[in-house]
Participant: 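Pasting in a structure now, in structure tokens, and then I'll have a few things to ask.
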Amino acid sequence: RKFADSIVAKLLKRSRDHVLPFRFAACLAIAANDGDKEFVQHCSALLRKIVDNMRLLVKRLSAPTAHVFPERLIPMVVHILCHHPDFVEDPKTTDATRVIVFKRIISFVMDSIATGSQHFAMVQHVVSLLAKAQVRVLPRLAQHAAIVQRNARAASRLGIKDIAVRGQNRVWEAIPFTLSAEDLLDRELFVSGAPDAIETPPASPIGSPGAARQETTQSSAGSSVRRPLGSISASKSNMTSTTQ
């Protein structure tokens, strides 16, 4: 735990001091699946601090570039998840486990990024772009490219559902999207507008109270399912390998 805490603290300090790019904050999302609730809360608070710092930069800069927008962390997290060996190379990982863990981690990230109606439109824009994109698969996993792409699609769908449930019965603020899809998704990680992508979700918020209850039930029902990312907090090298 001390080792994990020290790694997390360094991530925060170096991101704040602009020694590390903000993209490394995406590594904190993996903590969502850790069995230590105190550690999860600690990482959640740190992620929110980094997101707050990013939002301040967006306001202060006359022409902010894509890398300072917190919404850009979502593609980073998806890229980490879809390449993680537990979801690519472990035959014991079931589809049910994959959905439960992905949902937990996506929700963890959204708790820090989608904190108000003024952010919903941008978040939905990013996850919609993700749903139409293909992952640039890491060379070491080239033989598992189909699985990596399937993982990315699953995570994108969960992101779309998450923001839809958060935004239902609330007024969304309309904002202009001045950044290109390539910049928002990070062209090093994704190819935007892939031809075999899943359907684009509606532009307006979707979801219903019934859908929200179903998602909650599914998540709680999975509490006894094996949590394949539980060891990540003890070995942060696995977390950072997909962000490099």
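Residues: numbered from 1 along the sequence shown.
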Participant: Are the side chains of Pro75 and Leu184 in touch, meaning some heavy atoms are under 4.5 Å apart?
Facilitator: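 No, their side chains stay 4.5 Å or more apart.
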Participant: In the single-linkage hydrophobic clustering (I, L, V, M, F, W, Y; side-chain heavy atoms under 4.5 Å), do Leu179 and Val58 co-cluster?
Facilitator: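 Yes, it is one cluster - the side chains of Leu179 and Val58 are joined through contacts under 4.5 Å.
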Participant: CZ of Arg140 to NE2 of His83: how many Å apart, nearest 0.5 Å?
Facilitator: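 The CZ atom of Arg140 sits 7.5 Å away from the NE2 atom of His83.
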Participant: Nearest 0.5 Å please: distance from the CD atom of Glu71 over to the CG atom of Leu185.
Facilitator: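 The distance works out to 12.5 Å.
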Participant: Quick check for you: to the nearest 0.5 Å, what is the distance between Leu130 atom CG and Lys132 atom NZ?
Facilitator: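 Between atom CG of Leu130 and atom NZ of Lys132 there are 11.0 Å.
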Participant: On a heavy-atom basis, which atom in Ile105 and which in Ala29 lie closest, and how many Å separate them?
Facilitator: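 Looking at all heavy atoms of both residues, the closest pair is CG2-O, 3.7 Å.
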Participant: Do any pairs count as a ring pair (Phe, Tyr, Trp, His ring centres under 6.0 Å) and have a residue in residues 121-156, sequence neighbours left out, and if so which ones?
Facilitator: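 Qualifying pairs: His125-Phe177.
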Participant: Please give me the minimum heavy-atom distance between Ser180 and Arg187, naming the atom from each residue.
Facilitator: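 Distance-wise, the nearest heavy atoms are OG-NH2, 4.3 Å.
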Participant: Just to verify, what does Arg98 make a salt bridge (Lys or Arg N to Asp or Glu O under 4.0 Å) with, not counting sequence neighbours?
Facilitator: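 Salt bridge (Lys or Arg N to Asp or Glu O under 4.0 Å) list for Arg98, sorted by chain: Asp95.
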Participant: Does any non-hydrogen side-chain atom of Arg48 lie less than 4.5 Å from one of Leu28?
Facilitator: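 Result no, sub-4.5 Å side-chain heavy-atom pair not found.
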Participant: Can you check side-chain contact (heavy atoms from CB on, under 4.5 Å) on Ser156 and Val127, steps first, answer last?
Facilitator: CA-CA 6 Å; Ser156 299; Val127 294; 5.9 Å; no
Participant: Should His79 and Asp186 count as side-chain neighbours, where that means a heavy-atom distance under 4.5 Å?
Facilitator: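 When only atoms from C-beta onward are counted, Asp186 and His79 do not touch, as no gap falls below 4.5 Å.
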Participant: Could you report the tightest heavy-atom contact between Ala31 and Phe39, atom names first, then the distance?
Facilitator: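 That would be CB-CE2, 3.8 Å.
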Participant: Are the side chains of Gln134 and Arg153 in touch, meaning some heavy atoms are under 4.5 Å apart?
Facilitator: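 In contact.
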Participant: Which heavy atom of Val88 sits nearest a heavy atom of Ile147, and at what distance?
Facilitator: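 Nearest pair, atom of Val88 first, then Ile147: O-CD1, 3.8 Å.
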Participant: Can you see which heavy atom on Arg166 is nearest to which on Ala114, and at what distance?
Facilitator: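 Shortest heavy-atom separation between Arg166 and Ala114 comes out as CD-CB, 4.2 Å.
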Participant: Roughly how far apart are Leu47 CG and Leu73 CG, rounded to 0.5 Å?
Facilitator: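 So the gap between those two atoms works out to 6.5 Å.
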Participant: Do His119 and Ile113 have side-chain heavy atoms sitting under 4.5 Å apart?
Facilitator: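 His119 vs Ile113: side chains apart.
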Participant: Verify, without hydrogens or angle tests, whether Ser128 (side chain) and Gln124 (backbone) share a donor-acceptor contact under 3.5 angstrom.
Facilitator: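 Checked: pair present.
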Participant: Between Ile74 and Met110, is there a side-chain heavy-atom distance shorter than 4.5 Å?
Facilitator: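 Result yes, sub-4.5 Å side-chain heavy-atom pair found.
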Participant: Just so I know, are the side chains of Val77 and Phe108 near enough to count as touching, which here means a heavy-atom distance under 4.5 Å?
Facilitator: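 Result no, sub-4.5 Å side-chain heavy-atom pair not found.
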Participant: Can you confirm whether Val126 sits close enough to Arg72 that some side-chain heavy atom of one is under 4.5 Å from a side-chain heavy atom of the other?
Facilitator: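 Side chain of Val126 against side chain of Arg72, heavy atoms only: no contact under 4.5 Å found.
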Participant: Do you know the tightest heavy-atom contact between Val99 and Leu158?
Facilitator: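 Shortest heavy-atom contact: O-CD1, 3.8 Å.
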Participant: Measure the CD1-CD1 distance between Ile163 and Ile106 for me, rounded to the nearest 0.5 Å.
Facilitator: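 These two atoms lie 11.5 Å from each other.
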Participant: How far does CG of Leu81 sit from CG of Asn151, to the nearest 0.5 angstrom?
Facilitator: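 Result: 8.0 Å between the selected atoms.
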